[in-house]
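Only one structure is covered here, and it is reproduced in the block below.
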Amino acid sequence: MVTSIPLRDGRSIPTIGFGVYKVDDAEAATAVGLALDAGYRHVDTAEMYGNERGVGQAIRASGLERDDVFVTTKVWNDHQGRDGTLRAFDASLQRLGLDAVDLYLIHWPAAANDRYVETWQTLVELRQSGRARSVGVSNFQVLHLERIIDETGEVPAVNQVERHPWLPQRDLKAFHEQHDIVTAAWSPLGRGRLIEDPVLVGIAAAHDVSVAQVLVRWNVQQGVVVLPKSVTPSRIRSNLDVDGFVLTEGELAAIAALESGQRTGSHPDTVA
Ligand SMILES: NC(=O)c1ccc[n+]([C@@H]2O[C@H](COP(=O)([O-])OP(=O)(O)OC[C@H]3O[C@@H](n4cnc5c(N)ncnc54)[C@H](OP(=O)(O)O)[C@@H]3O)[C@@H](O)[C@H]2O)c1
């Protein structure tokens, strides 16, 4: 069963979401269909992924009620600013075939362009219109969060950032907790690179689960939304199946010792 985490705007977000980065429209239609069938109720896409059509198609084909599936999409860097964001949002809704998204995010601060405050104000407008039910950001660092909060008085519901044992984002997560912002973890499996880590392999063996399940569970246990991606049917199913074990304090300490600061994706300062 997928649990949910409350959002500061009174809504809630399913703790485990299905990631679809680097999956094309046709593959997304199949993979999201399998994921919804397996029990996922949250899909994480973006205009940049080029698969919103496939995601929408799978949701319609699933036969699930619209309100039973939480859909996140994101405005891409080139479309930041009020007009670009409003156009990008309309285009995303059209490709998804939806009247509203559950969560709309600014994909990256792209701080060099200095349009993220205006973009954030536009997302707040979209939330007020009801077409974006909740709004948040992605890849924002503390200084970006402080600036949008100071200049608009509006706090994002979610900040979606790279997070896994190499990069647990301790300072950012503490800031989120102080401001009632939900942390969401992208690349929770380190894009597959954490799967062979010997410490994680040992912990997985002790619970008779996979390393991916340990990584998903690690986020769930810390109240963090987690977005594993897979196009492999057996992995899609098992990555969601993390209720049958609990990581011990000793295991959490062993995982904490893996922190190295290593990223598997871009640093926010380098993305324009
Ligand atoms: N906001 C952002 O800037 C941002 C950036 C990156 C990602 N994201 C979101 O986060 C999601 C997840 O991140 P990600 O796609 O970068 O990487 P990820 O979920 O950390 O890793 C995906 C990789 O792990 C493999 N994998 C999945 N389950 C596995 C298992 N049980 N055992 C072994 N290998 C497994 C997948 O292979 P197969 O697919 O072949 O099974 C794929 O190669 C994305 O899809 C996207 O929705 C957001």
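When a ligand or atom number is given, it counts from 1 through the structure's own listing order. Just so it is clear, the values below take in all heavy atoms, side chains as well, and ignore hydrogens, waters and symmetry mates.
- Taking a cut-off of under 4.0 Å to the non-hydrogen atoms of Val20, the atoms of ligand 1 that pass are 45 (O), 47 (O).
- Between Arg11 and Asp102 there is a salt bridge, since at least one side-chain N of the basic residue sits less than 4.0 Å from a carboxylate O of the acidic one.
- For a threshold of 3.5 Å applied to N or O pairs, the pair formed by Ser238 and ligand 1 contains no separation below that value.
- Atoms of ligand 1 lying under 4.0 Å from any heavy atom of Thr232, numbered from 1 in the order shown and given with element: 38 (P), 40 (O), 41 (O).
- Under a 3.5 Å cut-off, the side chain of Gln213 and the backbone N or O of Ser210 do form a donor-acceptor pair.
- Taking only nitrogen or oxygen atoms, main chain and side chain alike, Lys74 does not reach within less than 3.5 Å of ligand 1.
- Distance from atom 27 (C) of ligand 1 to its nearest protein heavy atom, with residue and atom name: Lys229 O, 3.1 Å.
- Taking distance alone, with nitrogen or oxygen atoms compared against 3.5 Å, Val231 approaches ligand 1 more closely than that limit.
- Listed for the Gln221 side chain is a donor-acceptor partner under 3.5 Å among the backbone atoms of Leu247.
- Remark: ligand 1 and Ser138 share an N or O pair separated by less than 3.5 Å (distance only, no angle test).
- Set against the non-hydrogen atoms of Ala212, the atoms of ligand 1 under 4.0 Å away are 30 (C), 31 (N).
- By the 30° and 60° cut-offs, the orientation of the rings of Phe18 relative to Tyr40 is perpendicular.
- Between His144 and Tyr116, a ring centre-to-centre spacing shorter than 6.0 Å is recorded.
- Ligand-side atoms of ligand 1 in range of Pro228: 19 (O), range being under 4.0 angstrom from any heavy atom.
- In summary, the atoms of ligand 1 found under 4.0 Å from a heavy atom of Gly192, numbered by their order in the structure, are 21 (O), 23 (C), 24 (O).
- Those atoms of ligand 1 that come under 4.0 Å of a heavy atom in His107, given as number and element, are 1 (N), 2 (C), 3 (O).
- A cation-pi contact, defined as under 6.0 Å to the ring centre and within 45° of the axis, links Arg163 to Trp218.
- Residue contact annotation: Tyr49 has a non-hydrogen atom under 4.0 Å from ligand 1.
- Close contacts between ligand 1 and Gly190 involve ligand atoms 20 (O) [criterion: under 4.0 Å to a heavy atom].
- Below 4.0 Å from some heavy atom of Trp108 lie the following atoms of ligand 1, by number and element: 3 (O).
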